[in-house]
Number of protein chains: 2
Amino acid sequence: MSEQQEQQPGLRERKKQRTRQALSDVAIALFLEHGFDKVSVADIAAAAEVSKPTLFRYFPAKEDLVLHRIADHQGEAARVVRGREPGQSPLAALRAHFHARLDARDPVTGFSDHPAVRAFHDLVYGTPSLLARTVGFTARDEKELADALRETGAGDELTAWLAAAQIVTVHHHLALANWRTLTSGCAPSEALVRAHADAERAFDLLGAGLGGHYG
Amino acid sequence: MSEQQEQQPGLRERKKQRTRQALSDVAIALFLEHGFDKVSVADIAAAAEVSKPTLFRYFPAKEDLVLHRIADHQGEAARVVRGREPGQSPLAALRAHFHARLDARDPVTGFSDHPAVRAFHDLVYGTPSLLARTVGFTARDEKELADALRETGAGDELTAWLAAAQIVTVHHHLALANWRTLTSGCAPSEALVRAHADAERAFDLLGAGLGGHYG
DNA sequence: AGAAAAAACGCAACTGAGTAACAAAAGTTT
DNA sequence: AAACTTTTGTTACTCAGTTGCGTTTTTTCT
């Protein structure tokens, strides 16, 4: 007689999602206000009204309260390569995708007009322990991209692996460059055209190699 | 009337060096025997016969007891580029240098016949917290190499920065590949020729770009 | 609906990394 | 040898992360 027939996620699951979200939101708000190192996990747990062990059941480390948002983008590069148009090269697909994300102001590009997102970037890039924790994520990203590239059959094992590493590195540095441009006080409109230009040159370099400049 | 006139380092400095060395040696020995996470800093301090605060006066973090050896190689890539023969390109210098280090069985190449060095690599590459701590080192390495490349005048700011990132990344993955080859049970003599071949292909790729395979 | 099983939670106590304060013991200088 | 500076040990602390256990809540089974 109850009307809860067509809802896949049960009550328990919904509560968990809400607790997780609340935990992350409360944590990031506190981090942005006082700094990552000045806020203890006990503070966060208290503010979110859960116990400390519960907090760690949701997030394995303090850093993950911030980084799970980035973690959600895991394997994006691999998906882009796998889902590219027939006849399009992997590199062309990645290039087009990055430009598109840039125009959409996607936080993963390091670019944003929104002060809140900028503050979030300041937090991540400005906190060494957060930066260090990203390694694990990029490593998995790299591995997935390497798998995707290997599936194209265009290169051997080592080549795919190295290519994946180079692509991920360039992505990361492009985002970093955009963040630096913005935090140095550059106007967003001007920063955006520069970001596109930088991306063009970066992908050109990736495709043509370092030989033209340093070889 | 004493004969200690031509020794720059005083007694105090010598003791400090010895303490530092003893601390690192004892720590690595314990880590190799029981694993990084199973040994506490208190154990290390006790074994080296110093107090815990003293240990942290020598090494800012537990990880640095292991990684200071790697840290000593800081800026090697930048030095190679700056010290290259006249007329030699940066990439050619780095390629030659890597092959040379490989033949010298330098630990930084990830290659070694010595079981002790191999065990050391197993420790570093097999412990996430150690791997995470290398980020800071590679970041500085990257920055120095970028400076060195910029000095060649062959590329703009962004290009130098991206090139440095790519080179450091490739170095790291080459070392990783060598380690994997060896730990998978490959005979050192065979692994060495493969290491040289891999390095050749990696630097070729670096010079010619990904365009040939994925562009 | 009601009982039993499973999952999630809170509490309290614990380990281990890293730090602060202060006093004791060096080494260095005159 | 006395005065000064640097390094060290002791004690006690903060904070991240874990463990054991009893309790509550949700789901599932009948």
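Within every chain, numbering begins at 1; the chains are lettered A, B, ... in the order of the sequence lines, protein sequences first and strands thereafter.
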Q: For A:Thr19 and for B:Pro60, find the nucleotide of DNA chain C with the closest heavy atom, then tell me which residue's nucleotide is more 5'.
A: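 Comparing both residues, the 5'-ward one is A:Thr19.
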
(Q) Quick check on DNA chain C: between B:Ala61 and A:Arg12, whose nearest nucleotide comes earlier from the 5' end? (A)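 Closest to the 5' end, via its nearest nucleotide, is A:Arg12.
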
In whole Å, I'd like the distance from the [atom1] atom of [X] to the [atom2] atom of [N].
X	N	atom1	atom2	value
B:Asp64	C:dA17	CG	P	14 Å
B:Leu55	C:dT19	CG	P	11 Å
A:Ile44	D:dG17	CD1	P	10 Å
A:His34	D:dC15	NE2	P	14 Å
B:Arg133	C:dA17	CZ	P	14 Å
B:Asp37	C:dT15	CG	P	17 Å
B:Glu49	D:dT8	CD	P	14 Å
A:Leu23	D:dA16	CG	P	14 Å

Q: Answer yes or no: is there an ion pair linking B:Asp113 with B:Arg118, defined by an N-O contact shorter than 4.0 Å?
A: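 No, no charged N to carboxylate O under 4.0 Å.
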
(Q) Assess whether a salt bridge exists between B:Glu200 and B:Arg95, defined as any Lys/Arg side-chain N lying under 4.0 Å from an Asp/Glu carboxylate O. (A)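 Salt bridge between B:Glu200 and B:Arg95, a charged N being under 4.0 Å from a carboxylate O: yes.
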
Q.
Students often get this wrong, so: under 4.0 angstrom with heavy atoms, is B:Phe59 touching a base, only sugar-phosphate, or nothing?
A.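 No contact.
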
Q: Pick base, sugar-phosphate or nothing for B:Lys15, based on heavy-atom distances below 4.0 Å to the nucleic acid.
A: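 Sugar-phosphate, backbone atoms only, no base.
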
Q: Output yes when at least one side-chain N/O atom of B:Thr54 is less than 4.0 Å from OP1 or OP2 of D:dG9, else no.
A: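 Yes, because at least one side-chain N or O of B:Thr54 sits under 4.0 Å from OP1 or OP2 of D:dG9.
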
Check every atom of [options] against the side chain of [X] and return the nucleotide holding the closest atom.
X	options	result
B:Glu63	D:dT7, D:dG17, C:dG18	C:dG18
B:Tyr58	C:dG10, C:dT28, D:dT7	D:dT7
B:Lys62	C:dA8, C:dC11, C:dG18	C:dG18

Q | Interatomic distance, B:Leu174 atom CG to B:Phe98 atom CZ [nearest 0.5 angstrom] | A |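 B:Leu174 CG to B:Phe98 CZ: 4.0 Å, rounded to 0.5 Å.
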
**Q.** Step-by-step side chain to side chain donor-acceptor pair (under 3.5 Å) determination, A:Asp103 to A:His196
**A.** CA-CA 9 Å; A:Asp103 283 329; A:His196 277 294; 2.9 Å; yes

Q: Ignoring hydrogens and angles, answer whether the base of D:dG17 and the side-chain atoms of A:Arg57 contain a donor-acceptor pair closer than 3.5 Å.
A: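 No pair found.
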
**Q.** Polar pair under 3.5 Å, donor/acceptor by atom type, side chain A:Lys52, base C:dG10
**A.**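 A donor-acceptor contact between them is absent.
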
Q. Any side-chain donor-acceptor pair under 3.5 Å between A:His121 and A:Asn178?
A.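 Their side chains do not contain a donor-acceptor pair, so the 3.5 Å distance test is not met.
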
